[in-house]
Peer 1: 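Take a look at this one; I'll ask things after.
By convention in this document, chain letters (A, B, ...) are assigned in the order of the sequence lines, proteins followed by strands, and residues within each chain are numbered from 1. All values reported here derive from a predicted model rather than from experimental measurement.
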Amino acid sequence: MTVRTRIAPSPTGDPHVGTAYMALFNAVYARSQGGQFILRIEDTDAARSTAESEQMILDSLRWLNIEWDEGPDCGGPHGPYRQSARKHIYQEHALKLIEDQHAFYCFCSPERLDQMREAQRAAGENPRYDGLCMHLSESELRSRLNAGEPHVVRMKVPEHGECQFHDELRGEIEIPWSQVDMQVLLKNDGFPTYHLAVVVDDHLMEISHILRGEEWINSTPKHVLLYEYFGWQAPVFCHLPLLRNPDKSKLSKRKHPTSINYYRQIGILPEALINYLGMMGWSMPDEQEIFSPAQMAERFELKGIHLGGPVFDLEKLSWLNGQYLRGMDPEEFMDRIVEWGLNRDNLRRLVPLIQQRTEKFSDLVGQVDYLVGARPVLSAEDFADTGLEHEVQVQIVDHLSRELDALRDWQRDELFEICRSLAEWHQLKIRDYLKPLFVALSGRAVSLPLFDSMVFLGPDLTRMRLREALAVLGVSKKQAKRLEKQHREFRASLGSPQ
RNA sequence: GUCCCCUUCGUCUAGAGGCCUAGGACUCCAGGUUUUCAUCCUGGCAACAGGGGUUCGACUCCCCUAGGGGACGCCA
């Protein structure tokens, strides 16, 4: 059997290190077995998927030197490799399931589903569709369908017993069917959900091994069931551990930089990052720590994966990066510096900010230091000149930080609008409001324009600096609770609670 | 709340019943090299979650408890 693996990122945001992590293990495993590795774009969430995000993901994976044999950019015998271009395939398959009585039309409104789930939760049950639409009469079904009533397609799930499946690393896993929801397969907008699309595509693309995050274990019964309904051979399932924040929770942008762009921007080398990811949950048989994906593939074994969720440690990554950097000859070192940051693309973003403020080139470094390099380490005194009380400073940094965690569209105007409404909420003039933020981002009271700086730094770096500033200012547990409440009040005042 | 997964130094990990006085790496500390700093070198601190079994023997196998994590969407 030819081993075929895949990575199936969803283009809904910044390229995530978790994606690179899964891509690495899938690519390495395929290579170690002489198989193929496929890249597929899962853009079935029409509301959140963007072309820019897809582009960034491809760029990031290429930057990391991960190569795929088939994909949306290079094509292949099982295309198209973008799910939005495969809509009709899923619809046909959903129809087949309905014909075979494995799925049914559901007309329930989101409101009814919310109420139902709330009631179930209150009763201590696992929220699950109650099957209301499963028993519609043929005539009612026809008339509602003909009337064009909004509907979805749901899969049927056995009432009793449990689903048993094999995980390559964890052995037999049993999950009661009572825990498995009658999953929506086809959404109201005609797009499939992940569960339908992933099964159909993995089968059609002849994927033999699914290496994915352990967050999927609980939905594997749905997939196993679908393979059964379609009469297909299920692939080998292998759930890998999840990358963790320092507090052991699943890696999230709220607590840790997750964007590959971030690492690229702070000057982590692609070979160091990918090497580092390779030692998350796996190690070379001889415990050698410096290795490439190619070397990894030579010695790789699935069974060698350690299941405890590895904490992403920035310090060890930095050390590893230093090993690579110091091992270069000076010529390469120079090339890599230019490649990293001192290139025209980067300067093009910088020049509009600095040209009018510059008299001598020797002024330059002092202006852009915090954008190109690390911000000076902050101390509490740095915030003293803002003329604001400590409590207010903390509020400003905290609330903005929370807003930015949720922000999708990282644009200058968006950022300004958020700060404007926050300043208003704090009843401060915008210039006073921004003072602690200048310090937080640049380490100085005066720097290049704030919103341009935020755009240049990007989401992860900006969030990171705000988090660090908050730590320097010092927030007690009690205060943290109060801040959270205040921020909720701010959200409520906007009339858009979240 | 329900279900599922996991558990070796602070962190990444080695360890497939005796090789374990539990090894390596990062961090930290001490010393050395270096006009400073960094690099580099040497040394040190530091862990088998707890309790029961199984066994001549358990970090390794089984059970329970505890702790951590994940899932529970017309998101993936």
Peer 1: Taking atom P in both C26(B) and C20(B), what distance in whole Å separates the two?
Peer 2: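 Their P atoms lie roughly 22 Å apart.
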Peer 1: Between S53(A) (side chain) and S49(A) (backbone), is there a donor-acceptor pair under 3.5 Å?
Peer 2: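 Not a single qualifying donor-acceptor pair exists.
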Peer 1: Would you measure the distance from the P atom in A25(B) across to the matching atom in U35(B) and give it in whole Å?
Peer 2: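 Each nucleotide's P atom is 28 Å from the other's.
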Peer 1: Would you measure the distance from the C1' atom in G23(B) across to the matching atom in U8(B) and give it in whole Å?
Peer 2: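 Looking at atom C1' only, G23(B) and U8(B) are 11 Å apart.
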Peer 1: Under the rule for side-chain hydrogen bond (donor to acceptor under 3.5 Å, both in side chains), what residues qualify as partners of D369(A), not counting sequence neighbours?
Peer 2: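 With sequence neighbours excluded, D369(A) shows a side-chain hydrogen bond (donor to acceptor under 3.5 Å, both in side chains) to R444(A), given in chain and number order.
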Peer 1: Please classify the nucleic acid contact of T44(A) as base, sugar-phosphate, or nothing, using heavy-atom distances under 4.0 Å.
Peer 2: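 Contact class for T44(A): sugar-phosphate only.
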Peer 1: Sort out the partner of U2(B) for me: Watson-Crick or G-U wobble, both distances under 3.5 Å, none otherwise.
Peer 2: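 Base-paired to A71(B).
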Peer 1: In whole Å, what separates the C1' atom of C63(B) from that of C56(B)?
Peer 2: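 C63(B) and C56(B) have their C1' atoms separated by 22 Å.
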Peer 1: When rounded to the nearest Å, what value does the distance between P atoms of A22(B) and C59(B) take?
Peer 2: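 So the two P atoms sit 10 Å from each other.
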Peer 1: Mind jotting down which residue pairs meet the salt bridge (Lys or Arg N to Asp or Glu O under 4.0 Å) criterion with at least one end in residues 180-200 of chain A? Sequence neighbours excluded, please.
Peer 2: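 For residues 180-200 of chain A, and leaving out neighbouring residues, there are no salt bridge (Lys or Arg N to Asp or Glu O under 4.0 Å) pairs at all.
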Peer 1: Sticking with atom P, work out how far G15(B) lies from U60(B), rounded to a whole angstrom.
Peer 2: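 15 Å, rounded to whole Å.
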Peer 1: Check every strand shown and say whether Q323(A) touches a base, only sugar-phosphate, or nothing at a heavy-atom separation below 4.0 Å.
Peer 2: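 Contact class for Q323(A): sugar-phosphate only.
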Peer 1: Do Y81(A) and E70(A) pass the side chain to side chain donor-acceptor pair (under 3.5 Å) test, and can you show the C-alpha distance, the side-chain angles, and the key distance before you say yes or no?
Peer 2: CA-CA 8 Å; Y81(A) 293 89; E70(A) 299 166 29; 2.5 Å; yes
Peer 1: Mind listing the residues from residues 257-278 of chain A sitting with a heavy atom below 4.0 Å of RNA chain B? Number order is fine.
Peer 2: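 Of all residues in residues 257-278 of chain A, none places a heavy atom under 4.0 Å from RNA chain B.
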Peer 1: Give me the distance, rounded to whole Å, that separates G32(B) from U39(B) when you measure between the C1' atoms they each carry.
Peer 2: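 So the two C1' atoms sit 14 Å from each other.
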Peer 1: What is the 5' to 3' range of RNA chain B, first to last nucleotide, that sits under 4.0 Å from any heavy atom of chain A?
Peer 2: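 So the contact region on RNA chain B extends G1(B) to A76(B).
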Peer 1: How would you label the contact of C108(A) with the nucleic acid (heavy atoms, under 4.0 Å): base, sugar-phosphate, or nothing?
Peer 2: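 Touches a base.
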Peer 1: Identify whether any heavy atom of D45(A) sits under 4.0 Å from a base atom; if not, whether one sits that close to sugar-phosphate; answer base, sugar-phosphate or nothing.
Peer 2: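 Contact class for D45(A): sugar-phosphate only.
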Peer 1: Partners of D100(A) by side-chain hydrogen bond (donor to acceptor under 3.5 Å, both in side chains), sequence neighbours excluded?
Peer 2: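 Here the qualifying residues are K96(A).
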Peer 1: Do the ring planes of F300(A) and F25(A) sit parallel (below 30°), tilted (30 to 60°) or perpendicular (above 60°)?
Peer 2: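 If you compare the ring of F300(A) with that of F25(A), the planes turn out perpendicular.
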Peer 1: Under the salt bridge (Lys or Arg N to Asp or Glu O under 4.0 Å) rule, what pairs show up with a residue in residues 102-120 of chain A, not counting sequence neighbours?
Peer 2: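 Counting only pairs at least two positions apart or across chains, the salt bridge (Lys or Arg N to Asp or Glu O under 4.0 Å) contacts touching residues 102-120 of chain A are R112(A)-D130(A).
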Peer 1: Quick check: on RNA chain B, is the nucleotide nearest W216(A) upstream (toward 5') of the one nearest R326(A), or the reverse? Name the residue that is more 5'.
Peer 2: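 Closest to the 5' end, via its nearest nucleotide, is R326(A).
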Peer 1: Considering every strand shown, what is the Watson-Crick or G-U wobble mate of U7(B) when both distances are under 3.5 Å?
Peer 2: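 Answer to the pairing question: A66(B), which forms a Watson-Crick or G-U pair with U7(B).
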Peer 1: Name the nucleic acid region contacted by I173(A), choosing base, sugar-phosphate or nothing; use a 4.0 angstrom heavy-atom cut-off, strictly under.
Peer 2: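 Sugar-phosphate, backbone atoms only, no base.
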Peer 1: Report, as yes or no, whether the 6.0 Å neighbourhood of atom CD on Q233(A) holds more than 12 heavy atoms from other residues, nucleotides or ligands.
Peer 2: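 Check fails, neighbour count at 12 or below.
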Peer 1: Of R40(A), H209(A), H223(A), which is the lone residue that meets side chain to side chain donor-acceptor pair (under 3.5 Å) with D202(A)?
Peer 2: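 Option passing the side chain to side chain donor-acceptor pair (under 3.5 Å) with D202(A): R40(A).
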Peer 1: Once you apply a heavy-atom cut-off of 4.0 Å, does V152(A) come out as touching a base, just sugar-phosphate, or nothing?
Peer 2: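 Result for V152(A) = base.
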Peer 1: Verify the ring-centre separation between H166(A) and F237(A): is it less than 6.0 angstrom?
Peer 2: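 No: the rings miss the under 6.0 Å criterion.
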Peer 1: When the P atoms of C9(B) and G69(B) are compared, how many Å lie between them, rounded to an integer?
Peer 2: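 That atom pair is separated by 16 Å.
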Peer 1: For U33(B), give the paired nucleotide (Watson-Crick: N1-N3 plus N6-O4 or O6-N4; G-U: N1-O2 and O6-N3; both under 3.5 Å), or none.
Peer 2: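 Base partner found: none.
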Peer 1: Give one of base, sugar-phosphate or nothing for R48(A), where a contact means two heavy atoms less than 4.0 Å apart.
Peer 2: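 If one applies the 4.0 Å heavy-atom cut-off, R48(A) turns out to touch a base.
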